[in-house]
Amino acid sequence: MRLELRGITKRFGTFTANDSIDLTVEAGEIHCLLGENGAGKSTLMNVLYGLYRAEEGEILLDGETRHFASPGDAMRSGIGMVHQHFMLIPVFTVAENVLLGHERRLGGIQGARQKVKELSERFGFDIDPDALVQDLAVGVQQRVEIIKALSLDAGVLVFDEPTAVLTPQETDELMEVMRQLRDEGTAIVFITHKLREVRAVADKITVIRLGKIVGSAEPTASSAELASLMVGRSVSLNVEKDDAELTDNIFDVKNLTVLDKVGHKVVNDVSFSVRGGEVLCVAGVQGNGQTELTETIIGLLKAEKGTISLNGRELTGKSVREVLDAGVGFVPEDRKVDGLVAEFSVAENVMLDRYIGAPFVKGATIDFAARDAFAEQAKKDYDVRAQSIHAPASSLSGGNQQKVVLARELGRELDLFVASQPTRGLDVGSIEFVHKQIISTRDSGIPVIVVSTELDEVVGLADRIAVMYRGGIVGIVPADTDREDLGIMMAGELPKHLQPAEEVEA
């Protein structure tokens, strides 16, 4: 099936998310739609899938104009979509999930079971149609999403950031499935911002920046060339850093266990130390205890057992205010919920954790001039694209909101810096800047912990890597550890040839 998008324009109020976009995807082709978060890629595909209706433009399938009022219309026309966040019901079986909404077309539950078996055998998925989705590994759940789309004979298949929750091995397996689908004649749109994946699987590459198509490239293009297209200037994709020079500053976690609301261990007997002058990166698939670990360090969650200390000072059980006052800088993974007050201005957000004492408060009075001067400098240094420092944080894009959080946390004296997903939502130019700031913080003798699901970022920033799986640390290994070994660890196993965590030195 041949897909054409002609002049697609989608607006949200005065904001234009897609600006007169033309895109053609041939049958038997993997067409990568490359761009940073917020560039307009997913919006464009949501128009195709009937979730949004464009103000201008048309959609053609095999030369025939189509109008989709809902995802159901799109699916009936042969368009399938594998979403970044799975659209599955955990307590249903695989067959029940595939059947949902398509009972007549698939011939009831027996027809759905048979379809799952046929597609599973065809692609080597090895999926039991009667298995509960909640019992399946993340990579297997994604295969269920693919089966859902293929069960309706999709001729066009959209993959929207499909590798966000996969290990490297699962990502490689997905790429092989995409190639097989292409070879069978499926037109595939692959949305991503990961340059490594684009170069590995694409037949054609189209780059979107700020809602517009800014160019195309061949799969033979270098990562640097693709990055330049994405941001409009040359950027360095390599993190430049000297060897770690360790200081006497030390952050120490011993036998830390944290329970969730129903008593399950979300952090399980975790121990590690970070010295001043090094970056410890915490890697792993999202949802394996990384969030709870950082929230316990900062005081948002309470430990069931274990200790946390910074330069000999006990932080276990301290309030967030006390932890911040001890010199801990913290970038939460969810900036909108934990990092900012959306209704507050940029200037107000940069002083959120410093409303007592210098430099912004004198007695009971805010020094607005000092605050505004700091905010103006932060806006410039971090390229915060706001109309002014008095604009509300809610008016900024996600990436610019993250820059405000980073500017606030790195703009004060620190003894420990903890950053969870620090570059999520940023373009590659801003990522380059943030990485430099993290390395600069490390080089100043401060212990740094970075939690990231981006393996390229982990390998680039780390002096050592701690891999988490189901709440525990599988191992702590050097930064030059082979990617395949890291992928095995992310699936819960420590390769035999790697040293135990306690024997690995910085």
Side-chain angles (χ1 to χ4, degrees), residues 1 3 27-28 30 45-46 48-51 61 68 70-167 169-191 201 285-287 491-492:
M1 185 178 290
L3 168 67
I30 299 175
M45 290 302 103
N46 285 334
L48 170 64
Y49 198 55
L51 288 167
L61 297 177
F68 304 139
S70 68
D73 287 348
M75 286 186 282
R76 284 187 287 272
S77 296
I79 296 174
M81 191 165 180
V82 178
H83 300 269
Q84 178 179 356
H85 303 291
F86 302 151
M87 303 294 183
L88 300 172
I89 298 178
V91 297
F92 279 15
T93 67
V94 172
E96 289 168 342
N97 271 279
V98 170
L99 179 66
L100 193 62
H102 308 286
E103 290 82 358
R104 290 185 179 180
R105 188 168 178 179
L106 293 176
I109 189 64
Q110 293 304 320
R113 293 180 74 254
Q114 185 61 34
K115 179 65 73 172
V116 171
K117 290 180 179 179
E118 290 174 0
L119 292 171
S120 181
E121 182 177 348
R122 175 176 158 193
F123 292 99
F125 283 172
D126 189 25
I127 294 177
D128 179 2
D130 298 318
L132 292 177
V133 165
Q134 65 187 6
D135 296 333
L136 302 178
V138 172
V140 179
Q141 290 186 32
Q142 188 176 69
R143 292 178 176 185
V144 176
E145 284 277 23
I146 295 172
I147 284 178
K148 279 178 58 181
L150 295 178
S151 68
L152 301 175
D153 301 319
V156 176
L157 196 53
V158 179
F159 289 85
D160 186 3
E161 299 281 5
T163 64
V165 295
L166 301 184
T167 67
Q169 283 81 358
E170 289 171 333
T171 296
D172 291 341
E173 292 170 2
L174 175 63
M175 298 295 179
E176 189 54 42
V177 170
M178 292 171 64
R179 294 186 188 99
Q180 185 176 347
L181 289 166
R182 173 199 61 194
D183 294 344
E184 294 187 1
T186 305
I188 295 176
V189 182
F190 178 30
I191 302 175
V201 77
V285 175
Q286 187 76 23

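Numbers here simply count residues along the sequence, with the first being 1.
Between the side chain of Asn97 and the backbone N or O of Ile89, at least one donor-acceptor pair lies under 3.5 Å. Judged by distance alone, the side chain of Glu145 and the main-chain N or O of His83 form no donor-acceptor pair under 3.5 Å. Between the side chain of Lys148 and the backbone N or O of Met87, at least one donor-acceptor pair lies under 3.5 Å.
Taking 4.5 Å as the limit, some side-chain heavy atom of Leu3 sits within range of a side-chain heavy atom of Leu61. Between Arg122 and Glu184 the shortest side-chain heavy-atom distance falls below 4.5 Å. When side chains are defined from C-beta on, Asn46 counts as touching Met81, because their heavy atoms get closer than 4.5 Å. Inter-residue side-chain proximity for Phe125 and Ile147 is flagged as met; some heavy-atom pair is nearer than 4.5 Å. Counting heavy atoms from C-beta on, the side chains of Leu152 and Arg105 come closer than 4.5 Å. Side-chain contact between Tyr49 and Ile79 is present, with heavy atoms from C-beta onward closer than 4.5 Å. Contact annotation: the side chain of Leu181 approaches that of Leu150 to within less than 4.5 Å [non-hydrogen atoms, C-beta and beyond]. For the pair Leu132 and Pro90, the minimum side-chain heavy-atom distance is 4.5 Å or more.
The nearest pair of heavy atoms linking Met1 to Ala27 is N-CB, 3.4 Å. Contact record, Ala95 with Ala112: O-CB, 3.6 Å, taken as the closest heavy-atom pair. Summarising the geometry of Leu48 relative to Ala74, their closest heavy-atom pair is O-CB, 4.0 Å, with the distance given to 0.1 Å. In terms of heavy-atom proximity, Ile127 sits nearest to Val116 at O-CG1, 4.2 Å. For the residue pair Asp126 and Ser120, the shortest heavy atom distance occurs at N-OG, 2.9 Å. Between Val144 and Leu88, the shortest heavy-atom distance links the atoms CG1-CD2, 3.9 Å.
How far CE of Met178 is from CG of Leu157: 8.5 Å, rounded to the nearest 0.5 Å. The structure places CZ of Arg104 at 12.5 Å from CG of Leu99, a figure rounded to the nearest 0.5 Å. A distance of 4.5 Å separates NZ in Lys117 from CZ in Arg113, rounded to the nearest 0.5 Å. For the atom pair CD of Gln141 and CD of Gln134, the computed distance is 9.5 Å after rounding to the nearest 0.5 Å. Met45 CE to Phe159 CZ: the interatomic distance, rounded to the nearest 0.5 Å, is 13.5 Å. The structure places CG of Leu119 at 10.0 Å from CD of Gln114, a figure rounded to the nearest 0.5 Å.
Around CD of Glu121, the count of heavy atoms belonging to other residues, nucleotides or ligands within 6.0 Å does not exceed 12.
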